[in-house]
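Let me begin by presenting the structure, written as structure tokens, before commenting on it.
Residue numbering restarts at 1 for every chain, and letters A, B, ... go by the order of the sequence lines.
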Number of protein chains: 2
Amino acid sequence: MQAMLVDDVSHYEEGQHIFREGDPFDAIAAVRAGTVKTYILDREGREQVLGFFLPGEVVGLNAIHPQIYPCNAVALDTVVLCRFSFQRMSSLASTMPGLQSRLFRLLSEDIGKAALLSGDFSADERMAAFIVSLSRRYARRGFSGTRFHLPMARTDIANYLRLAPETVSRVLRRLRTDGVLDIDRRELRILDLPRLEQMAEAILRDHAH
Amino acid sequence: MQAMLVDDVSHYEEGQHIFREGDPFDAIAAVRAGTVKTYILDREGREQVLGFFLPGEVVGLNAIHPQIYPCNAVALDTVVLCRFSFQRMSSLASTMPGLQSRLFRLLSEDIGKAALLSGDFSADERMAAFIVSLSRRYARRGFSGTRFHLPMARTDIANYLRLAPETVSRVLRRLRTDGVLDIDRRELRILDLPRLEQMAEAILRDHAH
DNA sequence: GATGGGCGTTGACCTTGATCAACGCCCGAT
DNA sequence: ATCGGGCGTTGATCAAGGTCAACGCCCATC
């Protein structure tokens, strides 16, 4: 069924844009490999990171209405994307309840995801939630959930979590000192996942499966 | 069409619960009159406000998946609700593209709404955005956009905006001192809407009509 | 009328994370 | 090999808003 709907498989080099704010929305994009970052630029041209998308995840769902991408998406490393025509997809959804229900589900999950940062959480909690979320998403796709490479810069993590980069460094150092994780630049190893999950639970309570 | 789908019109007194966390999801609830607050309770039983729903707005969309309400909804004053069976609605959506498209739109708008608080915004910006958002939503339904009664307590506003109640009082006092608005307990009058909108624009950029 | 509870406001003090100002490391270009 | 730029880390200081501790107002109940 999925092969039936794939319009396009495309490759992007690190730093290439997949879509830009204002582009017309016509397809749902699923990441097959690599990592995608979405961001907006504010009035002064400063970047605000909205999210990171790992293999198996769908980018740009919030463009369904009003059919225009409200943000930019850029490849953080080499990315492979599968595109599904939304027009064709929603027509088929009319006759295939399973597909319609799948779309409702994806959209409903995105509501949950957007709430990740809307709480009043400490820097520790945010950082823990970010790491646990990555861990779970990598594990869900068959990758290691305790040892992974961070494809995004500290400044991007900080921006996404609405923290200063200095604070990200400090929290990571504290977590390393406490024996919760080990980190060397972008190589991360989780040493005490239950501890991290405990720190993250207030944030991730809606996403425990 | 809408009359065709209405299962139920019900009334709630102030303080009555409309649904509770864990209740099975079976219908979409549209507010016809009054105001609804949604909240969750954390592990220690503390309340976290998730949103306020005005007349014409739909409560509980994020329950579509996984068919269980993830939060509580309570009437802040006398509330009239219309319920639409989601089962029937989604079957009909399969054959009526207009309805399906309307559902996608409602869900997509909810993603946008959840992002309201996910940024790194000052107390002033949050308060301004809250007031402008209320103003626009009241105006959209034909009520006055510059003079309205706040149906929720300061503690609820503070909780929703992730601020302390003292801070809400202080910001409102500052805005009154600056001549931006006048407020006496729950009666609010906006005196300088452009100024408020300017303060709110970083937050509301995604929600401009 | 008196009392109690809920709500909102106010001032003083405290805490968390941001800002500012460096420094070190790594990698690519020359 | 050297240099420059980007990235990450570290320490000192500052600021926004939270916490704590009141007080005043309003309304319902007795």
Proximal nucleotide (of D:dA12, C:dG17, D:dG8) relative to the A:R170 side chain: D:dA12
A:F143-A:H149 aromatic ring centre distance below 6.0 Å: no
Any donor-acceptor pair under 3.5 Å from A:R189 side chain to A:R147 backbone: no
Base of D:dG8 paired with side chain of A:R173 (donor-acceptor, under 3.5 Å): no
Interatomic distance where CG belongs to B:L161 and C1' belongs to D:dA16 [whole Å]: 16 Å
Atom pair distance, as rounded to whole Å: CZ in B:R154 and C1' in C:dT10: 14 Å
Residue A:H17 excluded, over 12 heavy atoms near NE2 under 6.0 Å: yes
Sugar-phosphate only, base, or nothing, as touched by B:A123 at under 4.0 Å among non-hydrogen atoms: sugar-phosphate
Sugar-phosphate only, base, or nothing, as touched by A:A153 at under 4.0 Å among non-hydrogen atoms: sugar-phosphate
base_contact_polar (D:dG17 base, B:R126 side chain, donor-acceptor, <3.5 Å): no
Nucleotide C:dG17, atom C1' - distance to CG of A:L172 in whole Å: 15 Å
Among C:dG8, C:dA18, D:dG17, the nucleotide that comes nearest once only the side chain of B:T167 is considered: D:dG17
Rounded distance (Å) that lies between atom C1' of D:dA16 and atom CG of B:D124: 10 Å
Length of the line joining A:N159:CG and C:dA18:P, which is rounded to integer Å: 12 Å
Rounded interatomic separation in angstrom, taking CD from A:E166 and P from D:dT10: 12 Å
Spacing between B:R185 atom CZ and D:dG24 atom C1', to the nearest angstrom: 10 Å
A:R174/A:D124 salt bridge by N-O under 4.0 Å criterion: yes
Lys/Arg-Asp/Glu bridge criterion (N-O < 4.0 Å) met for B:E57, B:R140: no
A:S169, nearest nucleotide to its side chain (from C:dG8, D:dT9, D:dG18): D:dT9
Between C1' of C:dA18 and CZ of B:F121, the distance in whole Å: 16 Å
